Amino acid sequence: MMNPKKYVRQYFMPPVSCMKWAEKEYVDHAPIWCSVDLRDGNQALVVPMSLEQKVKFFKLLVEIGFKEIEVGFPAASDTEYQFLRTLIEQDLIPDDVTIQVLTQAREHIIRKTFEALKGAKHAIVHVYNSTSLAQREQVFRKSKEEIKQIAVDGAALLKKLADEEHASYQFEYSPESFTGTEIDYAAEVCNAVLDVWQPTPDRKAIINLPSTVQMSMPHVYASQIEYMNDHLKYRENVVLSLHPHNDRGCGISDAEMGILAGADRIEGTLFGNGERTGNVDIVTLALNMYAQGVDPELDFTDMPHITECYETYTGMKVDERSPYGGGLVFAAFSGSHQDAIAKGMKYREENNCETWTVPYLPIDPTDIGRSYDADVIRINSQSGKGGVGYILEQHYGLKLPKKMREAMGYATKSVSDVQHKELQPDEIFQIFKDKFENITEPYKIEEVHFKQHNGIIAEVTATYEGKTSVIVASGNGRLNAVSNAMKKHFRLEYDLVTYEEHALEQSSSSRAIAYVGIRDKSGNLHWGAGIDADIIRASIDALLTAINHMAAAK
């Protein structure tokens, strides 16, 4: 049996109220992005990436536009060390990209890290030690002063080694397990590190505040960040960075609220890969900004390519419902959703809209390399007339009358329901052809001749149950005259209620399609379509199909 009483809140609220961030409406600028896919993401894989895969992934991150990329923990393993050396020795790091390396605040690990960095033009050396109450008491069994001294000693060694090598590396410090640390103590430790580094406008320091384990609701994290933003020394020369994890599923919210609270920089991964439940998902975070009209300064215009590369390099799968990147995130199976999307797209076309307001689609799928036809309107047994009509119009140029779309929708749903599968556009088109186009049983019209006399007179050669008859009737138009002939001779009872037509191809030999709807004496509608280069023949074929549907219904 579950026992919630065994759990207590392990986080600490700031000692003063910190809620100015809540007055802001949205994130109005892109942060500095740092991808940690190659370190934090890689160490979370069941099978870590090979050297070749890491090089390819690094190049992908550069293509996307990351200017800061954490490439590994070079003192952790030979593969990590060799990867960094490969990037440097093969000159694979663009001049505008800064690599980042991680090290614990331990002397031999720091020295190994500096050895691996030799020859790097630009680098961030990221040092950390854990500061939380739980870690101090249970793991290190050290006092606050002793833990702070570890941070200070690590910071001092970074500065010493960089000075000895005349390297202008940027320094970063993380109070690991920040979310379980007393906030005023976290500020004290960070400020002690900053006192060692003495950051300047030309060489800013990075203070990174990770939610190593997510322990609170996002507004608490934002208040913690605001407190740190207000109490860090040298603030104008400090880049305030966040590294949100996702244990409570709130990584995106933590990051967004943290930026509102004063953060300048975000460390995260593509699609949120990382240990346990992962890191903050930079794809989602960046495209959330994009959906609010903010340039995220990262290029996700070819999301299918990025997704494919990510899955190939990591062996991970992007969930089909993963925001923006998943295969089904724009897919609408619901009939009402499809109808709204189709009408929204039509509205954009009719009004030449410059802004994006289509129902159910937070961003234009084509902006990230997706298509409306393949990714948005998807047809299964849950779909309706709007989606089916949209597919037929976009793929095959068919503009079904409103009520006929409804009949076609039911026909499609029935097939999908029986077959228990999603239907592709060619399958939907075949359903249309089978059910509504040129059905010639049991009634068939062999030929029709017209002459004009007090209206239109039609001479119709028609066949029913193997018997052919020649029928003459008049009407106020050609189709009406043919309809009257069929009703008169075969004693058919219906009203012709809908007739529409349009061209299928714009050429001298263009074909036309006609749609006919008739209502029987019980009030039921029956539909037919006809396709022919001669619009009169197309309309007659459509009428005939509708009549045969009515006969079949009896």
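All values reported here derive from a predicted model rather than from experimental measurement.
For the pair Ser241 and Asp264, the minimum side-chain heavy-atom distance is 4.5 Å or more. Residues Phe58 and Phe83 form a side-chain contact, since some pair of their non-hydrogen atoms from C-beta on lies under 4.5 Å apart. Residues Phe114 and Thr103 have side chains not in contact (no heavy-atom distance under 4.5 Å, counting atoms from C-beta outward). When side chains are defined from C-beta on, Glu70 counts as touching Arg39, because their heavy atoms get closer than 4.5 Å. Using a 4.5 Å cut-off on side-chain heavy atoms (C-beta onward), Phe330 and Ile368 make contact. Two residues are said to be in side-chain contact when any heavy atoms from C-beta on lie closer than 4.5 Å; Asp367 and Thr301 fail this criterion. The shortest distance between side-chain heavy atoms of Tyr347 and Cys353 falls below 4.5 Å. When side chains are defined from C-beta on, Ile69 does not count as touching Trp33, because their heavy atoms never get closer than 4.5 Å.
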**Q.** Worked check of side-chain hydrogen bond (donor to acceptor under 3.5 Å, both in side chains) between Gln198 and Tyr234
**A.** CA-CA 8 Å; Gln198 296 288 312; Tyr234 316 97; 2.9 Å; yes
(Q) Show, in sequence, the C-alpha distance, side-chain angles and deciding distance for Leu423 and Ile391, and conclude whether the side-chain contact (heavy atoms from CB on, under 4.5 Å) test is met. (A) CA-CA 11 Å; Leu423 298 177; Ile391 291 293; over 6 Å; no
Q.
side-chain contact (heavy atoms from CB on, under 4.5 Å) for Asp299 and Glu63? Distances and angles first, verdict last.
A. CA-CA 8 Å; Asp299 183 359; Glu63 288 175 10; over 6 Å; no
Q: Quick one: do Phe300 and Leu298 satisfy side-chain contact (heavy atoms from CB on, under 4.5 Å)? Show the steps, please.
A: CA-CA 6 Å; Phe300 292 117; Leu298 293 174; 3.8 Å; yes
Q: Go through the steps for Gln214 and Asp254 under the test side-chain hydrogen bond (donor to acceptor under 3.5 Å, both in side chains), then give the verdict.
A: CA-CA 9 Å; Gln214 230 169 28; Asp254 277 356; 2.8 Å; yes
Q) Yes or no on side-chain contact (heavy atoms from CB on, under 4.5 Å) for Val238 and Arg235, after CA distance, side-chain angles and deciding distance? A) CA-CA 5 Å; Val238 171; Arg235 182 63 185 91; 4.2 Å; yes
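Between Lys144 and Glu146, no side-chain nitrogen of the basic residue sits less than 4.0 Å from a carboxylate oxygen of the acidic one, so the salt-bridge criterion is not met. Salt-bridge annotation for Glu52 and Lys56: present, with a side-chain N of the basic residue lying under 4.0 Å from a carboxylate O of the acidic one. With respect to the salt-bridge test (charged N to carboxylate O, under 4.0 angstrom), the residues Glu145 and Lys148 qualify. We find that Lys160 and Glu164 are joined by a salt bridge, their nearest charged nitrogen and carboxylate oxygen being less than 4.0 Å apart. Of the charged side-chain nitrogens involved, none lies within less than 4.0 Å of a carboxylate oxygen, so that Glu115 and Arg111 do not count as a salt-bridged pair.
Counting only distance, with no hydrogens or angles, the side chain of Ser416 and the backbone of Thr412 share no donor-acceptor pair below 3.5 Å. Side-chain atoms of Ser77 come within 3.5 Å of backbone atoms of Glu80 as a donor-acceptor pair (strictly under, hydrogens ignored). Within the 3.5 Å criterion, the main-chain N or O of Gly262 finds no donor-acceptor partner in the side chain of Trp21. Counting only distance, with no hydrogens or angles, the side chain of Asn208 and the backbone of Ser174 share no donor-acceptor pair below 3.5 Å. Here the side chain of Ser177 pairs no donor or acceptor atom with the backbone of Ser130 at under 3.5 angstrom. Listed for the Arg85 side chain is no donor-acceptor partner under 3.5 Å among the backbone atoms of Ile88. Under the 3.5 Å distance criterion, the side-chain polar atoms of Asn129 are left unmatched by any main-chain donor or acceptor of Gln104. Judged by distance alone, the side chain of Asp281 and the main-chain N or O of Phe271 form a donor-acceptor pair under 3.5 Å. Distance alone, capped at 3.5 Å, places no donor-acceptor pair between the Arg141 side chain and the Gln135 backbone. Put simply, the side chain of Arg265 never gets that close to the backbone of Cys34: no donor and acceptor are under 3.5 Å apart.
Listed here is the closest heavy atom pair of Thr307 and Gly325: OG1-O, 3.8 Å. Summarising the geometry of Thr131 relative to Pro175, their closest heavy-atom pair is OG1-CB, 3.6 Å, with the distance given to 0.1 Å. In plain terms, the two heavy atoms of Trp356 and Leu361 that are nearest each other are NE1-O, 2.8 Å. Here the closest heavy-atom approach between residue Gln53 and residue Thr312 is recorded as NE2-O, 3.7 Å. Nearest heavy-atom pair across Ile259 and Pro31 is CD1-CG, 4.0 Å. For Pro218 against Ser253, the heavy-atom pair with the smallest separation is CG-CB, 3.6 Å.
Checked against Ile93 for a side-chain contact (heavy atoms from CB on, under 4.5 Å), the options Val71, Val62, Leu87 give a single hit: Leu87. Put simply, the residue from Thr269, Asn273, Ile266, Leu270 that forms a side-chain contact (heavy atoms from CB on, under 4.5 Å) with Asn279 is Thr269.
The CE atom of Met228 lies 4.5 Å from the CG atom of Leu209; values are rounded to the nearest 0.5 Å. Atoms CG and CE, from Asp295 and Met289 in turn, are 10.5 Å apart once rounded to the nearest 0.5 Å. Note: His108 NE2 to Thr113 OG1 = 9.5 Å, rounded to the nearest 0.5 Å. A distance of 8.5 Å separates CG in Asp37 from CG in Leu60, rounded to the nearest 0.5 Å. Here Ser223 contributes atom OG and Phe12 contributes atom CZ; the two are 15.5 Å apart, rounded to the nearest 0.5 Å. Once rounded to the nearest 0.5 Å, the distance linking CD1 of Ile306 with CD1 of Ile64 reads 4.0 Å.
For the residue pair Ser132 and Thr181, no side-chain donor N or O sits within less than 3.5 Å of a side-chain acceptor on the partner. Side chains of Thr277 and Asn246: a donor-acceptor N/O pair is absent below 3.5 angstrom, by distance only. In summary, the side chains of Tyr128 and Glu172 do not present any donor paired with an acceptor at a separation below 3.5 Å, with no hydrogens or angles considered. Between the side chains of Glu267 and Gln100, at least one donor N or O sits under 3.5 Å from an acceptor N or O. A side-chain donor from one of Asn288 and Glu256 sits under 3.5 Å from a side-chain acceptor of the other.
Surrounding CD of Glu236 are more than 12 heavy atoms belonging to other residues, nucleotides or ligands, all under 6.0 Å away. Enclosure of atom CE in Met19 by more than 12 non-hydrogen atoms of other residues, nucleotides or ligands within 6.0 angstrom is indicated.
Applying the salt bridge (charged side-chain N to carboxylate O under 4.0 Å, His left out) definition to pairs two or more places apart or across chains, those involving residues 191-219 are Asp195-Lys233.
Stacking of Lys159 on the aromatic ring of Phe171 is not recorded, the 6.0 Å distance cut-off and the 45° axial limit not both being met.
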Let me check something: any side-chain donor-acceptor pairs from residues 313-320 under 3.5 Å, sequence neighbours excluded? List them with distances.
from   : atom 1 : to     : atom 2 : distance (Å)
Thr314 : OG1    : Tyr310 : O      : 2.7
Thr314 : OG1    : Met316 : N      : 3.0
Asp319 : OD2    : Arg321 : N      : 2.8

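By the 30° and 60° cut-offs, the orientation of the rings of Tyr227 relative to His231 is parallel.
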